[in-house]
Structure formats: structure tokens, C-alpha cells
S.K.: 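Dropping a structure here in C-alpha cells format, bear with me for questions.
Labels below follow one simple rule: chain letters A, B, ... track the order of the sequence lines, proteins then strands, and each chain is numbered from 1.
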There are 2 protein chains.
Amino acid sequence: MSFDVLQEKIKAKKNPTVAGLDARVEYIPPFILKKHTDRLGETLEAAADAVLEFDCGLIDALAEVVPAVKPQSAYFEMLGWRGMKVLEEVIAYAKSKDLFVIADVKRGDIGTTATAYSEAWLGAAQVGGTSCSVFDADCVTLNGYMGSDAIKPFLKDCTERDKCAFVLAKTSNPSSVELQDIVAGDRLVYTVMGDLIQRWGKDTQGKCGFQALGAVVGATHPSVLKELRRRLDRVFFLVPGYGAQGGTAADVRFAFDELGRGAIVNASRSIMCAWQKTGRDGADYQDAARAAAEKMRDEIKQYVTIL
Amino acid sequence: MSFDVLQEKIKAKKNPTVAGLDARVEYIPPFILKKHTDRLGETLEAAADAVLEFDCGLIDALAEVVPAVKPQSAYFEMLGWRGMKVLEEVIAYAKSKDLFVIADVKRGDIGTTATAYSEAWLGAAQVGGTSCSVFDADCVTLNGYMGSDAIKPFLKDCTERDKCAFVLAKTSNPSSVELQDIVAGDRLVYTVMGDLIQRWGKDTQGKCGFQALGAVVGATHPSVLKELRRRLDRVFFLVPGYGAQGGTAADVRFAFDELGRGAIVNASRSIMCAWQKTGRDGADYQDAARAAAEKMRDEIKQYVTIL
């Protein structure tokens, strides 16, 4: 349990970043999409096959640079069951390349429903006497609005299967203030959520000192990163909002502890769509993605030393 | 846009209830499961085929009684892409029987990701110049923790395609107090969320007076139902927690306005698993489900008159 596995992979690659796999159809290099639409027409099936080729190509390009990938469920759901089939294949392919896989699903529901979600994403479904793995990611993102009922079933799978989860605390988007920054006594709502995350996960601490339940804290709020890093010393952070959304290396340094541990920074579009800036129409999407991931790693290394 | 379509269907059947389709494998009558595992072994494929048969059988049994069904995504996701294929089929089948379909997905994410989710569940995905419907439900459930960024893309599809959505306000589960009942100034967090829901949806009011953005408020909190019904006069309520979770007909009457409008009450297990109480091992699951749905309708009718 806990974030031991991820922290080891970060250390091995000296890179605390994760590449998001958020393939909107228009992010796919035209030559890939065309290959599949020529064969199957402008269909969900063609788009799903194109996403599979693009994501696996990105994984090949990035596997030596980043320790983790984060497929975003929405971009697979929007292609229906064919997209979900591709998501299963992308997760399995990334794991075969020894990458840590964070399924960005932001699920949050109660009781037996949370159990079903956990079985889907981290655990296994029971069919009669047989236990069947489904998406089988290493880690998921969760939404804690419904309280511990929505989280506990995942903690069980984290403990039993050496997995982990991130719960939304302070998100990177502009409208996060509408609920998360409401004043509640001497705290803000995101601080209340942060405290709940630390409490819910307290019995799941790993060797590295971090519990199996982490928090999502956006790169676009450096002062919040600083405040929550101090307050939640056992909580691993997933930090979205780097690059396209405005977060910088100078901002995200506050997510890390003094040993350069305890956080992983995500970038999606700046890596996936790097090919759109080279003027070569996508033919070089792998080189462009790899170069963007190396650049991000090197920017963050200027501020954070991974010991 | 708005809840006009649902309110019409409720009126036609004189029944403000929705049947949840939350098929855990153990909820499926053994004779159905066995038929498929005999053929395919104890596999996700067999479970998915069994869920399809069970859910379609329930839809056949309930179509004349209830105006709506609410498939819960978790129970399909836990069977992987095969489960999602069944979910597409179940939604299409329910719509063919003229039922209103609420996809209980509780999604919440930002910007382009929320757009992708909305395309998946309410709208359509663009593949080149072609618009491809995906799950195409009539309505979804959402989580507003991330603020309006997570909601607005859905409002666009609601407006353009005559659909609607419910956002979690006060949920029916015990741990909902942990965040939702935190005091924030002169309100509680769930009241803050309720006010946001009314504000976010204000430009989407339909003929029936309700906006396209509704709220989830649990049957287990009658005093909250009363308070929020008064406070949020344009907001349609989805009320879970009836039956198995403890909510009664006397409790849920507070969800309705003086014309018996503005709410729909969900029951899942008490209808789906009604066969477990007749001692006939599931052979009568359709009759049992229909009888349970009629009983629930009649209980609520004692307190609520649908004009």
C-alpha cells in the first residue's frame, strides 16, 4: 500500500512528473486519424483505433523519461465501449512498459457503488467463485464530496493490492474557488477536505512515510501548495495545471518536501500536442512529446532535487 | 432543455419515482447468471450478458409503471468494456420503451474534460466532420466540487439537445455530514452547493418552471428536503435513499412543491432485489420488481398528489 512504488519509480528516473493521456480526437496527428478513418469511416471505432495507436506511440516515446502516465477516462468514455476497450489496452500496455498508471476517473459514490468502482479500477470483480481484474490501474483519482463512504472501499483495495488513490482537495481550474475557497470556521473548504484526506488515510502509511490516500492540489495555487504541504505531511500530492493551465516549475516546487519527495506533477496537452508546434503535421509526434517531457523534467529539476 | 420531458412522463404515469439499475452480480437471479456462465464460464463476458438480460427484463416489467430508470455506471464499469457495451444497450432499450434515462455517473471534471464527459453522456463526439452519439442518456448526475467549470459544458448540451442534469447537493449516505454539513458563514456546505446549482442553471428554465440543472438531495434528510425545497424553487430534485437506506414516503413528500411537482424519488435494491424475498429463487423477478415499484408508487401517492 501507499505511494512507495511510485516514489521508487520517480527516484529511478529522477523525474517527478506524469504524462496525461487525454486524447481528444483533434489532438491525434492527422496521419494517424486518417489511416483509421480511411478504413472505417468517420466512426467511433476509427477514433478509438486512432487513440490506441497514438497513446501507445506516446507510451513508447515517454517510457524512458517519465515514471507514470495518467489516462483521463473522459476521453475514452466519449468513444463509448470501444473507447473503454482501448483504455483497458492502454493501461495494460503502459504497465508492460513498467510505467505507473494513474486512472484519472474522479469517481465518488457511496457504499456498494464505491465498492463497484474500486473493483473496476483497482481491484477485481467477482463472477461466481472467480475473481476477474478489470481496468486494474495502480492508482485512481477520487472525489470526496460524499465523505468517507466514497473512499473506504478504495482503501481496502489499496491495502490488499498495494495501490493508492488521490482525492481532490484544491483543483487547478479558475472556478475551484466557488466551493473550495468558501470559509468554514477557521479553515477553507479545501483545507477541510485536506484534513479529511489525511484522517481517512491514516492507517495506510507506507515505508516512504506517505499514506495510500493522496490529494490533488493544483499547480496554479503555489501558496496553497505551500500551506497544504506543511499541514498534510503524510499526504502525497498530484499536481495538475502545469504548462497549458499556467503552473510553472517555480510554483510546483512547494508541493515537495525537503527531500524532493511527496509529489508528482502532471502535464497533458503540452506533451501530447507538442507536435502541433513543430510545423511537421504530426509525423514527429513521438520526438516532440519526448522533448516536451524532458524539458518539463529539467525545468522542475532546477527547483527540486530528487534524493 | 429543463425537466419538462421528465415532468410530463411523471404526470402521465402518476408516478414520481425512478428505478435504479444497479446490477451487482449477486443481484442477478441465479437462473439468469447460470445460463451465461454455463456457456462462457465465470467471466466478465458472462456477467455482462447476464446483466443485459436482467436489466432488459426489469425494463420490460417496469415500463408501464415507472417514468424513468437510472442505470448506475459503476456496475457496468466493473465489468470493463463489455459492461459499458451493455450500458449502451440498456440505455437504448429503455429509451425504446419510452422511459426517461438518468445516467448515474456523478462525473465532475474541468474544461475540455467536462466537455468530453458531456459529449459521452448527453451529446455527441465529433470524428472529423461526423457527429457520433455515444451513451446519449436524457439526463446525468454530476459532482460540482470543482465549480462551474465542471458544469457548464453539460448545460450547453442540455440546452441544445433538450436534456438535463442533477448535481450532488446533500447526499443520502451517513458520511455526507463530513463535508456537506460543515458550517460556512450562515450556511452549510450543502446549502452553498444548492445556491450554486440554482445560480449555474438560471438561464435554462423550461416551461414547467424548473431549470435544466437539478440537485440530488437524499430521502434520509427530510428537514433538509424541506429547507432546500423552499430555498431552491426552480431546482428539480433527485431523491435517493428511499427504502433500503431508510427514507420513507412521509420523508420524501417534502421534496415536492404544492402541485406535487419538482422531484423524482429513486429506489434501486428494493426493486431489483425484490425477488430475493419471495422464496422463488428469482424465477419471478419481473413480477416481484413490478410489485415493489407499484408499492413504492402507492406509498408516495398517499402523501403526494400529482396534478
S.K.: Which one, A:Ala74, A:Ala184, A:Ala50, A:Gly123, leads in non-hydrogen pairs under 4.5 Å with chain B?
M.R.: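 The option with the most such pairs is A:Ala74.
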S.K.: Looking only at non-hydrogen atoms, find the nearest pair between B:Ser148 and A:Ser175 and report the distance.
M.R.: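 Scanning both residues completely, I find the closest heavy atoms to be N-OG, 3.1 Å.
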S.K.: To the nearest 0.5 Å, what is the distance between SG (B:Cys132) and CG (A:Leu79)?
M.R.: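 Atom-to-atom, B:Cys132:SG and A:Leu79:CG are 9.0 Å apart.
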S.K.: Heavy-atom pairs under 4.5 Å with chain A - which of B:Ala169, B:Gly83, B:Gly41, B:Ser118 has more of them than the others?
M.R.: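 Option with the top pair count is B:Ala169.
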S.K.: Using side-chain heavy atoms (C-beta onward) and a distance below 4.5 Å, is B:Gln180 in contact with A:Met146?
M.R.: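 Answer yes - side chains close enough.
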S.K.: Which value, rounded to the nearest 0.5 Å, describes the distance between B:Asn143 atom CG and A:Lys106 atom NZ?
M.R.: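 So the CG of B:Asn143 and the NZ of A:Lys106 are separated by 11.0 Å.
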S.K.: Search all heavy atoms of B:Phe135 against all heavy atoms of A:Glu77 and return the closest pair with its distance.
M.R.: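 Nearest pair, atom of B:Phe135 first, then A:Glu77: CE1-O, 3.5 Å.
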S.K.: At their closest point, which heavy atom of B:Tyr117 faces which heavy atom of A:Gln72, and how far apart are they?
M.R.: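 That would be OH-OE1, 3.4 Å.
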S.K.: Can you name the nearest heavy-atom pair linking A:Leu168 to B:Tyr145, along with the distance?
M.R.: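 Nearest heavy atoms, A:Leu168 then B:Tyr145: O-CE2, 3.7 Å.
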S.K.: Look up atom CG in B:Asp109 and atom OG1 in A:Thr141, then write down how far apart they are to the nearest 0.5 Å.
M.R.: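 These two atoms lie 7.5 Å from each other.
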S.K.: Looking at every non-hydrogen atom in both residues, tell me the closest pair between B:Leu196 and A:Glu178 and how far apart they are.
M.R.: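 So the two residues come closest at CD1-O, 3.9 Å.
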S.K.: Could you check which of A:Gly128, A:Ala47, A:Gly108 has the highest count of heavy-atom pairs closer than 4.5 Å to chain B?
M.R.: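 Max contact count across the listed options: A:Gly128.
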S.K.: What option among B:Thr113, B:Thr115, B:Val134 has the most heavy-atom pairs under 4.5 Å with chain A?
M.R.: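 With the most close heavy-atom pairs to chain A, the winner is B:Thr113.
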S.K.: Which atoms of B:Val105 come close to chain A, meaning under 4.5 Å heavy atom to heavy atom: side chain ones, backbone ones, both, or neither?
M.R.: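 The backbone, not the side chain.
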S.K.: Which of the residues A:Glu88, A:Arg107, A:Gln126 is involved in the greatest number of heavy-atom pairs with chain B at under 4.5 angstrom?
M.R.: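 Going by pairs under 4.5 Å, I would pick A:Arg107.
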S.K.: Please find the pair of heavy atoms, one from B:Met78 and one from A:Ala120, that lie closest to each other, and give the distance.
M.R.: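 The pair with the smallest heavy-atom distance is CA-CB, 3.5 Å.
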S.K.: Check whether more than 12 heavy atoms from other residues, nucleotides or ligands sit under 6.0 Å from atom NZ of B:Lys95, and answer yes or no.
M.R.: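 More than 12 heavy atoms, drawn from other residues, nucleotides or ligands, come within 6.0 Å of this atom.
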S.K.: Quick one: of A:Thr171, A:Leu33, A:Val25, who has the most non-hydrogen atom pairs under 4.5 Å with chain B?
M.R.: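 Of the candidates given, the most pairs with chain B belong to A:Thr171.
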S.K.: Rounded to the nearest 0.5 Å, how far apart are OG1 of B:Thr130 and CG of A:Leu44?
M.R.: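 It comes to 10.0 Å.
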S.K.: Determine, step by step, whether A:Ser172 and B:Ile110 satisfy the side-chain contact (heavy atoms from CB on, under 4.5 Å) criterion, reporting the C-alpha distance in whole Å, the side-chain angles of both residues, the deciding distance to 0.1 Å, and the verdict.
M.R.: CA-CA 9 Å; A:Ser172 56; B:Ile110 59 170; 4.1 Å; yes
S.K.: Rounded to the nearest 0.5 Å, how far does OH of B:Tyr75 lie from OG1 of A:Thr112?
M.R.: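 Those atoms lie 3.0 Å apart.
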S.K.: In Å, rounded to the nearest 0.5 Å, how long is the span from OH of B:Tyr190 to CG of A:Leu179?
M.R.: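 B:Tyr190 OH to A:Leu179 CG: 14.0 Å, rounded to 0.5 Å.
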S.K.: Please rank A:Thr37, A:Asp22, A:Val189 by heavy-atom pairs under 4.5 Å with chain B and give me the top one.
M.R.: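 Heavy-atom pairs under 4.5 Å are most numerous for A:Val189.
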S.K.: Does B:Lys35, at its NZ atom, have more than 12 non-hydrogen atoms belonging to other residues, nucleotides or ligands within less than 6.0 Å?
M.R.: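 Yes.
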S.K.: Using heavy-atom distances under 4.5 Å, tell me whether B:Pro174 contacts chain A through its side chain, its backbone, both, or neither.
M.R.: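 Contact with chain A involves both backbone and side-chain atoms of B:Pro174.
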S.K.: Against chain B, work out which of A:Val86, A:Val177, A:Thr43, A:Leu188 has the most heavy-atom pairs shorter than 4.5 Å and name it.
M.R.: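 Most pairs with chain B among the choices: A:Thr43.
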